[in-house]
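Heads up, the thing below is written out as structure tokens.
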Amino acid sequence: MTLWRGGRLATLAGDGGWGLIDDGALLVEGGRLRWVGPSADAPPADEVVELRGALVTPGLVDCHTHLVYGGSRADEFEQRLHGASYADIARAGGGIRSTVAATRAASEAQLLAAATKRARALMAEGVTTLEVKSGYGLDAATEARMLRVARGLQTLGVDVCTTYLAAHALPPEFNDADAYIDAVAAWLPGLHAQGLVDAVDAFCEHLAFSPAQVARLFDAAQRLGLPVKLHAEQLSDQGGAQLAARHRALSCDHLEYLSPAGVQALAAAGTVAVLLPGAFYALRETRLPPVQALREAGVPIALATDHNPGSSPTLSPLLMLNMACVLFRLTPEEALRGLTVNGARALGRADRGRLAAGQRADFCVWDLAHPRELAASFGHNPLITRVFQGNPGGI
Ligand code: NIG
Ligand code: FE
């Protein structure tokens with residue numbers, strides 16, 4: 001048993017507020033938090049770590065990434081600076097399809113080496129749980145390779161949730177989206193049987209798949225007992241949120257074009273709204289997600305990096321905290337909840353994201369006096385120690 005004492009804890013333990021404990025302590029045993037409270041009341045322990053007034057938060061949960069891929073799309077960054085839009089580039093066969101070609105050409109070892117560097121960058125800013133989506137293979141073998149590589153990142157000392165996103169784009173060998181959705185649904189049971197799939201996602205957009213096509217895939221997921229998530233209303237309102245809510249989705253992600261009816265559907269289903277300020281920023285979007293309506297409806301809001309080589313090539317969850325406040329007007333507390341407790345909820349993981357007895361002992365120690373400072377600055381990493389399942393270091 002180890003006692004970490006003398007820190008300022010932002011527990012996020014209640015439904016609102018930071019849950020601050022000014023001179024607080026955490027008792028860790030077997031990778032779990034056994035006790036959390038004021039240092040003065042702490043139970044005895046074999047080992048004591050002095051926090052010397054440092055800030056402690058839950059470990060960060062990055063609930064939406066596309067971390068495993070081959071190649072680079074910096075050329076598209078230049079094309080967009082010359083006036084091409086994300087949609088123009090996709091229609092011309094670039095975008096997701098360009099990463100698909102590079103990912104198919106990469107070996108498992110090459111994909112793992114590249115993804116390891118990216119995961120380490122996220123971990124260096126305090127990430128202890130990471131979601132990784134497939135969706136740059138778009139054939140059974142490459143989707144499986146991506147998911148195996150994602151699972152392999154677990155050995156770095158970060159918990160990895162895998163999401164099957166084969167319904168990301170139409171691959172070049174198909175010209176019928178309905179036939180491709182049938183293939184995506186047919187590959188799923190085999191991948192699931194190998195333990196490679198924690199959830200199923202799709203890209204519901206005029207550039208990608210229709211709500212009716214996504215619904216067929218979601219039915220297949222639900223026959224296997226798998227939860228679903230959706231890239232919804234990123235570039236237009238397709239009614240994806242309502243569709244996802246009908247399937248009790250864990251989350252709907254992006255949501256710049258979410259309608260009032262979509263907000264109500266998410267609220268009624270308990271689906272988390274995952275906001276992705278990195279993609280909004282990089283694509284120079286101007287349409288803001290309806291944050292005030294989400295708040296009023298009581299929809300939990302999460303944040304994530306959406307790391308991918310095209311629309312959100314960032315590896316900084318801390319920058320997302322700042323961007324969510326500056327661009328989307330979240331409060332610093334909402335932003336931190338978005339990268340901890342609500343990010344965990346978007347992955348269906350209730351055992352993390354707060355500092356409370358019984359939770360996983362995943363937490364961060366920061367060289368800061370108050371949690372609002374995490375969101376107020378950018379381009380600076382104040383992490384002192386990342387603790388994963390009770391073990392410090394390894395960043
Ligand atoms: O979350 N919106 C669709 N998928 C990704 C982008 C993927 C890509 O451009 O490679 C996203 O933004
Ligand atoms: Fe995404």
Side-chain angles (χ1 to χ4, degrees), residues 62-77 79-80 84-104 106 114-115 118 122 130-138 142-143 146 150 161-171 199-209 214 228-238 240-241 244 249-258 272-285 287 289 302-315 317 320 323 343 346-347:
D62 193 352
C63 69
H64 180 144
T65 87
H66 308 250
L67 208 71
V68 175
Y69 57 86
S72 154
R73 304 238 296 274
D75 55 336
E76 293 180 8
F77 178 68
Q79 288 167 29
R80 290 202 304 276
S85 74
Y86 182 75
D88 295 337
I89 293 169
R91 279 191 211 100
I96 293 170
R97 277 196 183 194
S98 132
T99 301
V100 169
T103 304
R104 288 178 175 182
R118 299 177 195 128
L122 296 175
L130 175 61
E131 185 253 22
V132 181
K133 300 177 194 296
S134 69
Y136 292 127
L138 313 186
T142 317
E143 289 289 305
M146 290 186 72
C161 301
T162 55
T163 300
Y164 177 59
L165 177 61
H168 197 194
L170 194 62
V200 173
D201 194 349
F203 188 15
C204 185
E205 193 53 72
H206 54 75
L207 283 177
F209 299 100
V214 172
V228 300
K229 310 167 77 68
L230 191 64
H231 282 70
E233 342 297 19
Q234 179 185 8
L235 307 170
S236 61
D237 178 16
Q238 300 278 315
L250 288 173
S251 72
C252 272
D253 303 42
H254 287 285
L255 299 176
E256 281 82 348
Y257 286 82
L258 181 64
V272 177
V274 179
L275 305 185
L276 303 168
F280 175 91
Y281 166 82
L283 299 183
R284 302 186 79 224
E285 295 292 347
R287 168 93 172 217
L303 284 182
T305 61
D306 189 19
H307 174 83
N308 73 72
S311 67
S312 189
T314 177
L315 288 164
M320 298 306 103
M323 282 187 176
L347 296 173

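Scope of the values below: all heavy atoms of this structure, side chains included, with no hydrogens, waters or symmetry mates. Heads up: numbering here begins at 1 and tracks the sequence. Both counts, for ligands and for their atoms, begin at 1 and track the order of listing.
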* Would the His66 and His168 ring centres measure less than 6.0 Å apart? -> yes
* Asked: Quick one: does Glu233's side chain have a donor or acceptor within less than 3.5 Å of a partner on Ala241's backbone?
  -> yes
* Asked: Considering only protein heavy atoms, which is closest to atom 11 (C) of ligand 1, and at what distance to one decimal place?
  -> Asp306 OD2, 3.3 Å
* Asked: Between His254 and ligand 1, which residue portion shows a heavy-atom distance shorter than 4.0 Å: side chain, backbone, both, or neither?
  -> side chain
* Asked: How far is atom 12 (O) of ligand 1 from its nearest protein heavy atom, and which residue and atom is that?
  -> Ser311 OG, 2.6 Å
* Drop me the distance from Thr314's OG1 to Leu276's CG, to the nearest 0.5 angstrom. => 11.5 Å
* Asked: What's the OD1-the Fe ion (ligand 2)-NE2 angle here (Asp306, His231), rounded to 10 degrees?
  -> 170°
* Could you verify whether a donor N or O on one side chain and an acceptor N or O on the other, from Asp62 and Thr305, lie under 3.5 Å apart? => yes
* To do: State which residue, out of Glu285, His254, Arg287, fulfils the side-chain contact (heavy atoms from CB on, under 4.5 Å) condition with Leu235.
  => Glu285
* To do: Looking only at protein heavy atoms, identify the closest one to atom 6 (C) of ligand 1 and say how far it is in Å.
  => Tyr86 OH, 3.2 Å
* Can an N, O or S atom be found in His66 less than 2.8 Å away from the Fe ion (ligand 2)? -> yes
* To do: Please report which non-hydrogen protein atom sits nearest to atom 2 (N) of ligand 1, along with the residue it belongs to and the distance in Å to one decimal place.
  => Gln234 OE1, 2.7 Å
* Assess His168 for proximity to ligand 1: is some non-hydrogen atom of it under 4.0 Å away? => yes
* His64-Asp253 side chain donor-acceptor pair, cut-off 3.5 Å -> yes
* Is it the case that Glu143 and Ser134 place a side-chain donor and acceptor less than 3.5 Å from each other? -> yes
* For atom 7 (C) of ligand 1, grab the closest protein heavy atom and report residue, atom and distance to one decimal in Å. => Tyr136 OH, 3.3 Å
* Based purely on interatomic distance, does Thr99 place a nitrogen or oxygen under 3.5 Å from a nitrogen or oxygen of ligand 1? -> no
* To do: Identify, by atom number and element, the atoms of ligand 1 in contact range of His64, meaning under 4.0 Å from any of its heavy atoms.
  => 1 (O)
* Any side-chain donor-acceptor pair under 3.5 Å between Arg80 and Ser85? -> no
